Amino acid sequence: MPEYSSQEQTQDSNYNFGNIEKKWQTFWKAQKLFETDLDKLNKKKKFYSLVMFPYPSGDLHMGHARVYTISDVISRYKRMTGYEVLNPMGFDAFGLPAENAAIERGIHPADWTEKNIERMREQLVKMGTSYDWKREVVSCRPEYYKWTQYLFLKFYEKGLAYKKESPVNWCKDCETVLANEQVENGYCWRHSNTLVQKKNLSQWFLKITDYAEELLQDLQKLTKWPEQVKTMQANWIGKSEGAEIDLKVENSAETITVYTTRLDTVFGVSYLVLAPEHPLVKKIVTENQKAEIENYKQKTQQLSDIDRQSEDREKTGAFTGSYAIDPYTQTKIPIWIADYVLANYGTGAVMGVPAHDLRDFKFAQKYNLPIKWVISSQKLNKNIKIEKLKASDNLIEAKKILEEYFDFREKAGIKVSVANKPFEELIEEFLADRNGFWLFKLNEKVIGCVAVHKIENNDLACEMKRLFIKPEYQRNGYAKTFLEFIERWAVENNYTEIFLDSHQILETAIKMYIKLGYHEIKAYNHNPDANIWMKKKLNALVQYGYLINSDGFNGLSSEEAKTKLIEYGFSNNLTFINDLEKPEYKKIAQDLLTEYVSSLLEQGVDQELVNKYLKDEIADGNHLTWLEKEFAGDKKAFFIVQEKISHKFIGCIGIRPLNEKAGELKRLFLKKEFRGKSYAQEIMDYSQYWLLNNSFSEVFLDCHHKQLAAINLYKKSGFQLTERYNNNADDTFFKKILAENNIPSLKNSFARKKIQYRLRDWLISRQRYWGTPIPLAYKENGEIVTIPEADLPVKLPVNSKDLKLASNDDWKYFTDKKTGEQLIRETDTMDTFICSSWYFLRFADALNQDKPFDLDLVNKLLPIDQYVGGIEHAILHLLYARFFTKALRDIGLLSFDEPFERLLSQGMVTMYSAKEGKTVKMSKSKGNVVGIDEFVYEYGADSARLFMLFAGSPSDEIEWSVEGAKGQLRFLNRIWRICTGSFEGSTPISLNIDKIDLTVSELPLAKASSENKIGLAEKTLLKQIHRTIKSVSEDLHEERYSFNTAIARMTELVNEMYKYLQSEDFKLLNEKSDYTVLSFAINSLLRLLYPFAPHISAELWEKLSKNRSNLHEQNWPSFDPAAILDNDFELVIQINGKRIDAITCAKSLSKEELEKLALNNSKLQTKLKDQTIKKTIVVPSRLINFVV
RNA sequence: GCCGGUGUGGCGGAAUGGUAGACGCGAUUGACUCAAAAUCAAUUAAGACUUGUGCUUGUGGGGGUUCGAGUCCCUUCACCGGUACCA
């Protein structure tokens, strides 16, 4: 037996993981090895490593263990590489399971929870984790929830917490309300079989929506987060940029506001739809329709949310009998209600554009509402005209083009059977009801034609015929235009399918049809000449394109049109043009400014003053230089104002930034003849609107005190006199704070830009008793009273039989110490996600009794450098925690914006479940769990850790396999045997692993002659050691976290060590008891292995270290790049990129020499034979490729 | 529908545009053993045959870029995850 075990000699040389793991866990705890020493932060960099706050569910299984293992490897590795690591652990200990257990077993939830925590802590230790337990945080303990309550009050003071009555999500199994984020497809996130119901309740909310934009924008800062999580959050926040437009209800004072992101389709509106719950419905419904509307509303109410949201359901609705006036077209549009419109998104009202929205299309089809085509996917040539022939028309042109068509087909070799029919008859046919024949004209010349006719016995399908473009106009892309035109015509005429046939010879045509969504079908008619039949289902055209049939906006792209249409709708009377680039506008601007100057003089402003203040501007009588200097560029504008009806240019206004949040108005001017029509007011309003849209929040302007009318106008518009803000000595200064809800309601405005978020405020009330009480109370009159900080925490009842807060009168009623008034406590508790929204801050200062955390400490230790947790919290916890961080920053408790620097979402652990009959996520309810206790008992924590890390990338899902885990135990056993000298055929050896460097020249056989290969094995092993250090280090780098390959590299090293042990080298050295190389290999291996399998590494190190050093004191090994470099390399010889052979070459060889060597290769020569080499590519130290 | 991701041996999975299948599991064979387990050694992508230091094929399918593609681009299919009457 080996004699070298420097410390105790174990009875058996077997790897007894049970004892070893226990021994080290005890040792680490006793030595307080994992407690963070803040004093060391002066010298060392900090590393905050964290796992998502776990719920103490009691027994852990391997599915739970994965996240702790991943995080632990990182923490231990960071400690070895010189960081002072903060690696805390705590428990998110409020929640429903404790209440259920309390009911079932009659114990207090606190006792049940604490017991679970103890059990879980034990199991975490068993897995070999390295937590600083001194900082343990448990959210259900008063020491913690005191500060949760404190923070809630801070939110309340800041106006971020409010109470509101609204329809909320109710889970009958949880017996409480849920946040939107906790509803999954209409079901409770905890009870996947329980449908969430809507209830009207008065509940507490946190104003997360105030941070919607920042939460979205700052996702860009999170460069070390997985894309997937960021996308999920962005989708959840759901920003959409659109417009609100107001429509007057005919014969009524009411106005309906709709929200749309497709204002470019506004000319295609054929109806409006309100949500059935919309408050206006009652007011506008006509007598005739009352019964129908009531009936429909009733039906809607009976539907569950999930039914209402199921997408395949047919769209239904009811007509209110009223009409709205489209402000763009002044046409009457019917107002409907339909349950597909959500009352709580946008304005609860939408415009129906069936031609360009799939949902509206279905709705229109069902209720026979008109479909108007207003967006074309092609930019139409303005000179193209499409003329539909009428029976009364002179049909000469039509005859001519049909002649050409038949002629063309004949030449192409296609017989046209109907050619014998007289044209008159043919055309007659096309002109019948719901059929049509069109001529396409370019500059009045016919370039082609197309016809449609109804398919017999099918009211919903039509057939496209005689699509023909004269040869000279082909290849101009007209064909697509023709097709689109016909399809849209068919849609407008309530066809749902369109057919066409083609001859196989017309290959390009067929390709085009397929590209445009047609597919081949079996014959639909009896045309013997056609051999390809195709059809397409007609639907709404939803892509962006170019406007058509939109008076005044035709030809604009969708994007352009959206802006223009808002601008247009902002005022009925005026158009604002900000386009100094165009020469014609430059001229107008110049004229307006000239007029402005003379108008100042007319109003009695001194010539001297005008000269003084406008000297730059009017120096050369040319305002343009000045204009461009002051108003051209980002966040600046110079608007020329035009009257909509007369198209006259009537005035101007300039806007430029004063500072980041304030803008200044200059040169507000209106020509004399247009004054007195309240246009000035509109210009002012428009300017404010523009400023708000460009994220300004204040506006300034100055005015000469002689301009009384102007001053009155400013005051009327809410401007207030302010101190001087510029150098105009003689002027009066005004200022106004801008806010979205502060824009003057514009008399003539019917459209405005609107940004909408899907994110709703966070509902935090829970009707539970095992949660943090909301620290508020109510007076008898309902007035809200906050509990003073000194009286916190508001504790949960401890020994009461009646744990339910709402029915526990002793708890509920209390007397205000100061006023003696009888108060009633708020009986709702907070969502447990509140607890986990700030626990990571508490870890920085867990024992502080005076405040939630110390600002300096928190700023020193945060943000968290590596956060590890499940993807299921991609939205919930991570979004809430980000919101808390930002809100607390604004409250003044923090000074950073984002809590989690780097995020890793670990994949789940799956296993075959007999119950499910397939491989599913490991979980108790699926009956496919491997318990930590059992597994660690049988195979050890180190094996478990290794297997979980080896089975796949941290972010991938892995399948648990006992065989796989056994394999890792086998690997550890192999290491054990090498280190203890108990491998096959070994003799007692003495190792000394304390030497941490070894160079080639120090190798014991370095000087031996290499002829009989002596010394080769030790060199190979040394190289392998350095290589392993290199690749394991790279694999542990945070950009990679490739633990599976790191372990593979270590396995390779061990395999290499076994080979070495069988080599002549080793036999030779064994006789001399020289184990230099082997010792160095073990030294390196144990240090590399430590983060992965800490117990066995620590144990072997202790056994073998003659200095009695400890592995945790060791640094991460470094490698010698020179030791990895080879003099030789394998030159791969390729022909046309295919491997032929490989030869060993010296690295020093030149390209030419390599080529020579390669050409001499016999295999290459046989392959090459008589082919000639066209080109040779040499990749240095790698390969040579001959192109033949 | 939209957004993200993934497709490589019997299985889990490796491969900075440069020898596809590292490492492990499983399987097969041999050594040790009375035997089994454990261990050690070896084989293990597929195919046909002339059984070779040989040949052909091969990273979901089709195309492209390149001297060279698992890797880059286009297209298509399949699966997984998220999300949805969001106007």
Side-chain angles (χ1 to χ4, degrees), chain A residues 14 184-185 226-232 234-236 238-240 242 258-262 265 273 275 308-313 315 338-342 344-353 357-360 362-363 542 756-759 871-872 874-875 907 946-947 950-953 955-968 970-971 973-974 977 982-985 1031 1034 1042 1044-1052 1054-1055 1058-1059 1061-1062 1130-1142 1162-1163 1166 1174-1179 1181-1188:
Chain A
N14 288 333
E184 291 171 353
N185 296 322
E227 277 314 308
Q228 187 198 4
V229 175
K230 289 195 278 183
T231 314
M232 282 165 76
N235 288 343
W236 186 262
K239 180 179 183 176
S240 73
V258 300
Y259 175 70
T260 175
T261 52
R262 288 301 301 272
T265 63
V273 200
R308 193 168 157 181
Q309 279 173 21
S310 105
E311 214 206 321
D312 301 328
R313 205 165 57 89
K315 310 271 172 277
D339 58 11
Y340 73 79
V341 176
L342 304 176
N344 57 0
Y345 184 80
T347 58
V350 301
M351 58 187 209
V353 186
D357 183 282
L358 296 170
R359 190 187 42 201
D360 296 345
K362 281 186 196 160
F363 193 79
V542 293
Q756 191 74 42
Y757 299 92
R758 201 179 78 108
L759 181 73
I871 188 73
E872 67 271 22
I875 294 164
L946 278 179
F947 172 70
F950 184 70
S953 305
S955 49
D956 288 347
E957 162 185 318
I958 58 166
E959 191 182 343
W960 186 266
S961 128
V962 186
E963 295 307 327
K966 273 191 203 165
Q968 294 305 320
R970 203 145 38 209
F971 167 56
N973 258 314
R974 273 159 75 80
R977 278 193 297 272
S982 50
F983 50 86
E984 185 76 10
S1031 34
E1034 282 167 2
S1042 179
N1044 51 343
T1045 49
I1047 294 168
R1049 296 292 92 82
M1050 289 188 275
T1051 316
E1052 276 168 344
V1054 171
N1055 290 346
Y1058 269 78
K1059 268 186 204 150
L1061 290 174
Q1062 284 153 31
E1130 281 233 311
L1131 178 77
V1132 171
I1133 302 171
Q1134 297 182 331
I1135 296 179
N1136 289 342
K1138 275 194 175 177
R1139 182 180 191 266
I1140 303 302
D1141 201 1
S1162 58
K1163 268 195 210 167
T1166 49
K1174 277 189 198 160
K1175 199 175 167 186
T1176 309
I1177 289 137
V1178 179
V1179 182
S1181 306
R1182 234 180 241 280
L1183 58 81
I1184 184 162
N1185 187 17
F1186 296 101
V1187 187
V1188 298

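Quick note on labels: first sequence line is chain A, next is B, and so on, each numbered from 1. Every value quoted in this text rests on a predicted model; they were computed, and no experiment measured them.
Among all heavy-atom pairs drawn from Tyr259(A) and Ser240(A), the shortest one is OH-OG, 2.8 Å.
The CZ atom of Arg758(A) lies 10.5 Å from the CG atom of Leu342(A); values are rounded to the nearest 0.5 Å. Considering CG of Asn1185(A) and OG1 of Thr1176(A), their distance stands at 8.5 Å, rounded to 0.5 Å. Summarising the geometry, atom OG1 belonging to Thr1045(A) is positioned 10.0 Å from atom CD belonging to Glu1052(A); distances are rounded to the nearest 0.5 Å. Put simply, OG1 on Thr261(A) and CD on Gln756(A) are 10.5 Å apart, with the number rounded to the nearest 0.5 Å.
Here Tyr259(A) does not reach the OP1 or OP2 of A87(B): none of its side-chain N or O atoms lies under 4.0 Å away. Taking 4.0 angstrom as the limit, Arg758(A) places a side-chain polar atom (N or O) nearer than this to OP1 or OP2 of A84(B). Taking 4.0 angstrom as the limit, Gln1062(A) places a side-chain polar atom (N or O) nearer than this to OP1 or OP2 of A41(B). In this structure, Ser1042(A) does not reach the G13(B) phosphate: none of its side-chain N or O atoms is under 4.0 Å from OP1 or OP2.
By the 4.5 Å heavy-atom criterion applied to side chains, Val350(A) and Thr260(A) are not counted as neighbours. Residues Gln228(A) and Ile871(A) are in side-chain contact: their nearest non-hydrogen atoms beyond the backbone lie under 4.5 Å apart.
When the C1' atom is compared between C32(B) and G26(B), the two are found 23 Å apart, to the nearest whole Å. Nucleotides U44(B) and G9(B), compared at atom C1', are 10 Å apart to the nearest Å. Across the C1' atoms, U33(B) and A22(B) are found 34 Å apart, a figure rounded to whole Å. Straight-line distance between the P atoms of U71(B) and G17(B): roughly 11 Å, to the nearest whole Å. With both ends at atom C1', the span from U66(B) to C73(B) equals 12 Å, rounded to whole Å. Taking atom C1' in both G13(B) and G18(B), one finds a spacing of 22 Å when rounded to whole Å. Taking the C1' atoms as reference points, C3(B) lies 38 Å from A46(B), given to the whole Å. A distance of about 36 Å separates the C1' atoms of C23(B) and U75(B), rounded to the whole Å.
Distances from the side chain of Arg977(A) to the nucleotides A87(B), U39(B), G18(B) place U39(B) closest. You'll find that the side chain of Met232(A) is closest to G82(B), out of C85(B), G82(B), G18(B). Of the listed nucleotides (A87(B), G12(B), U19(B)), U19(B) has the atom at the smallest distance from the side chain of Val1132(A). Residue Val1187(A) has its side chain nearest to C67(B) when only C67(B), G81(B), U83(B) are considered.
In this structure, CG of Leu1061(A) is placed 17 Å from P of U39(B), rounded to the nearest angstrom. One interatomic measurement links the two molecules: CH2 of Trp236(A) to C1' of G4(B), which rounds to 17 Å at whole-angstrom precision.
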**OP:** At under 4.0 Å between heavy atoms, which parts of nucleotides 20-29 of chain B does protein reach? Answer with one letter per nucleotide, 5' to 3': B base, S sugar-phosphate only, - none.
**Re:** --BBSSS---
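Looking only at distances, no side-chain donor or acceptor of Tyr340(A) sits under 3.5 Å from a matching main-chain atom of Arg359(A).
Residues Phe950(A) and Phe971(A) place their aromatic rings such that the two centres sit no closer than 6.0 Å.
Among the heavy atoms of the strands, none lies under 4.0 Å from Glu227(A).
Toward the 5' end of RNA chain B, the nearer of the two residues Lys1059(A) and Asp357(A), judged by each one's closest nucleotide, is Lys1059(A). When the nearest nucleotides of RNA chain B are assigned to Ile871(A) and Thr231(A) by heavy-atom distance, the more 5′-ward of the two goes with Thr231(A).
Pairing partner, A46(B): U56(B), with both Watson-Crick or wobble hydrogen-bond distances short of 3.5 Å. With a cut-off of 3.5 Å on both Watson-Crick or G-U wobble distances, the partner of A38(B) is given as none. In this structure C85(B) sits in no base pair that meets the Watson-Crick or G-U test at under 3.5 Å.
G9(B) adopts a syn glycosidic conformation, its chi angle falling within 90° of 0.
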